[in-house]
2 protein chains.
Amino acid sequence: MSSIEKRKHKQITIKHIAREAGFSFSTVAKALRNDPVVRLDTRQKILDAARKLNYYPNLMAKTLRSRKSKTIGIILNDLTNPLYYETIEEIEKKLKKSGYTMILSDSNFDLSIERENLITMLSKNADGIIFSPVSSSSDNMEIIFTNGINTVFIDAKPDNDRINYVYIDHQMASFLATEYLIDNGHKDILLFNGPKYLSSSDEFLKGYRKALEKNNIEMDESLLLWGDISIEKSYNKFLDLYHDKDSIPFSAVICLSDLMAIGIYKAARELGLHIPENLSVIGYDNIFVSEFLNPPLTTIHAPKKRVGLKAVEILLSRIENENGGYTKIELKPRLFVRESVSRFSK
Amino acid sequence: MSSIEKRKHKQITIKHIAREAGFSFSTVAKALRNDPVVRLDTRQKILDAARKLNYYPNLMAKTLRSRKSKTIGIILNDLTNPLYYETIEEIEKKLKKSGYTMILSDSNFDLSIERENLITMLSKNADGIIFSPVSSSSDNMEIIFTNGINTVFIDAKPDNDRINYVYIDHQMASFLATEYLIDNGHKDILLFNGPKYLSSSDEFLKGYRKALEKNNIEMDESLLLWGDISIEKSYNKFLDLYHDKDSIPFSAVICLSDLMAIGIYKAARELGLHIPENLSVIGYDNIFVSEFLNPPLTTIHAPKKRVGLKAVEILLSRIENENGGYTKIELKPRLFVRESVSRFSK
DNA sequence: TTGTACGCGTTATCAG
DNA sequence: CTGATAACGCGTACAA
């Protein structure tokens, strides 16, 4: 294939416009930015020529020159988790309104993939990153600090002063859930937590402990179950609990995620357990379907849209006025009572 | 703020490595690509220097020079629709494996936003586009053809020979649904279709018509309802149907999307209609929750992962070996019987 | 008001 | 084997 063939779709540049309109290319550059130093009628001619040639600017060249790419990197950990849908949509809308684009990538809870993702964002000159880290204490954090790229953490709050984050108070979430169950007469409450390496699991456990303490209930360590944020895995893990047992030593379950609650629903159906008569369940996140489950899931609502909204606001403000301090926002979850919890009395 | 301040985080370039390692920058460039013309030990020194300085390449410069950005644009229409996420995740994984990144954007069923999205992809020198168009006959199609950018359509098959697409046979989907209902004794079947401007609505209607014809049932035009792909809107629209009516003139509903079916579930609960005793419901897509609804939703499964997988395969193959023809793939949907349809007998 | 020259970080070609 | 130089498309001093 000849080298002419290869570049058959050569891009229209300001030079082409210059030739077409009969001006030098630097005048064209100014005209395209509507710079008032260019006379109105020549500006008009140039814009006409641009339209005629279907010109669009080469953002790579622009970025290379200006060091602003108008793109934001989003790094998440599980793109199939509906938890993120609303956040992502909100981010996309907000960014577009301000003329930004987003590069989306998934680390799959894997530190080395996360590392690659981070480097990619740097390589592509992202102006900023919205970042849900695998762990808030990994080496990957260094990449962000040494390169000084503007970033907003979501789902984590690293203990570093020079950082922005939008955090949902997971501790409060489990606290609310636990107290609600206690108020309804439950004492033996299983905490179906996320994986150990997640800082949210940590926080979730703390809130649970706190609520038990406050109500003078001693925590039974056997009622702590570590799982994964996945319907299938939760389903399996929950079934396993029942092997060789005639009765269960708890009357209620709190899940780190609505997805895990859905897994329990499925297991319960197979085990012939009725929710909430035989087992009460509380979830966390309030994903869009929780309301439509059978029975509708009582859950702790996480303000997902606000996370996206705030993250973008903070990021853009830091990008646009370089000075300015660091912003730390802590959003509060709320209990949504539906029908998966029953009053318990022995 | 001084101009020195502004560029405080100057990127490490091959020139810095050159100075550090004591070679010219063009030798460095070759060494970094492991070009064997560079002697092994100098290659080693250079790589060491690069690692020491935490070098990462500037992809903007690379792209400007090579006209390959290693990024793919994804243009969808409703980022909150769970339908897309399995596809997106699959795309993301596949792309990453091949060293590509994705820019994700949402057109929101709006032609002018779609236009912007397309231009952005061009401006950012995307190597290709995976594209779910608002309409397969709009002016925006021109942008793709005149610029000759590699694209794979999903959710639509424009009538143009020089195009790639991965299409799910929507006509077959509604055909399957309709026949299944007829087999179960239903004759008065409401088609709860998507918006008129969607080509999938068109196809969906055709399949429905075909199934009725084949079974010698005359179509009652009043049993065709145009809606939107949204839980809330479907819920409202369905409630409206019942105003000032004592009974409903149909025993079953087919929805263009599981989301619409969920809207109906909600409406039915409020109206005191039991599914499937008083009303049978079939959805389309088989999103991950359909199985967990009450009752589990009978639906037509759409092979969402395969759509993503195939789309990326086609796109990358076209990008990497420029020649090659156009690929058109038509994926077949499948009926998933669950519990939202009952046998009907008057 | 318009034009010229240079640099952003790469890759590619050609000399040495 | 290594190094100098031009080019990718754009922005910005500075000169005219």
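First the proteins, then the strands, lettered A, B, ... as listed; each starts at 1. Only a predicted model underlies this, so the values are computations on that prediction, with no experimental measurement involved.
Within the structure, a side-chain polar atom (N or O) of A/Arg67 is placed less than 4.0 Å from OP1 or OP2 of C/dG9. For C/dT10, neither phosphate oxygen OP1 nor OP2 lies less than 4.0 angstrom from any side-chain nitrogen or oxygen of B/Arg33.
Atom CD1 in A/Ile14 sits about 14 Å away from atom C1' in C/dA5, given to the nearest Å. Remark: C1' of D/dG3 and CG of B/Asp35 are 14 Å apart, rounded to the nearest angstrom. Rounded to whole angstrom, the span from the CG atom of A/Leu32 across to the P atom of D/dG9 amounts to 15 Å. If you take CG of B/Asp41 and C1' of D/dT2, they are 13 Å apart, rounded to a whole angstrom. If you measure from atom CG of B/Leu122 to atom C1' of D/dG9, you get 15 Å, rounded to the nearest angstrom. Taking atom NZ on B/Lys124 and atom P on D/dG9, their separation rounds to 18 Å, with Å as the unit.
Residue B/Val37 is in base contact, counting any heavy-atom pair closer than 4.0 Å across all strands shown.
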Point to revise | side-chain contact (heavy atoms from CB on, under 4.5 Å) evaluation trace for A/Asp106 with A/Ile75 | key: CA-CA 6 Å; A/Asp106 187 343; A/Ile75 305 181; over 6 Å; no
Practice item. Please step through side-chain hydrogen bond (donor to acceptor under 3.5 Å, both in side chains) for the pair A/Ser24 and A/Thr27, ending with a clear verdict. Key: CA-CA 6 Å; A/Ser24 82; A/Thr27 316; 3.0 Å; yes
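Judged by atom type and distance alone, B/Lys30 reaches the base of D/dG3 through a side-chain donor-acceptor pair under 3.5 Å.
Looking at residues 15-27 of chain B, you'll see B/Phe25, B/Ser26 sit with a heavy atom under 4.0 Å from some atom of DNA chain C. For DNA chain C, the residues of residues 45-66 of chain A within the heavy-atom distance limit of 4.0 Å (strictly under) are A/Leu64, A/Arg65, sorted by number.
Salt-bridge check for A/Lys304 with A/Glu90: failed, with every basic side-chain N at 4.0 Å or more from each acidic carboxylate O.
Counted by atom type alone, B/Lys68 and B/Thr63 present zero donor-acceptor pairs between their side chains at under 3.5 Å. Residues A/Asn117 and A/Ser107 bring a donor and an acceptor atom of their side chains to less than 3.5 Å of each other.
Counting heavy atoms from C-beta on, the side chains of B/Asn140 and B/Leu111 come closer than 4.5 Å.
In this structure a side-chain-to-backbone donor-acceptor pair under 3.5 Å is present from A/Asn147 to A/Ile143.
A cation-pi arrangement is absent between A/Arg43 and A/Phe23, since the terminal nitrogen or guanidinium carbon is not both under 6.0 Å from the aromatic centre and inside a 45° cone about the axis.
Ring geometry for A/Phe153 against A/Phe131 counts as tilted: the plane angle lies between 30° and 60°, on a 0 to 90° scale.
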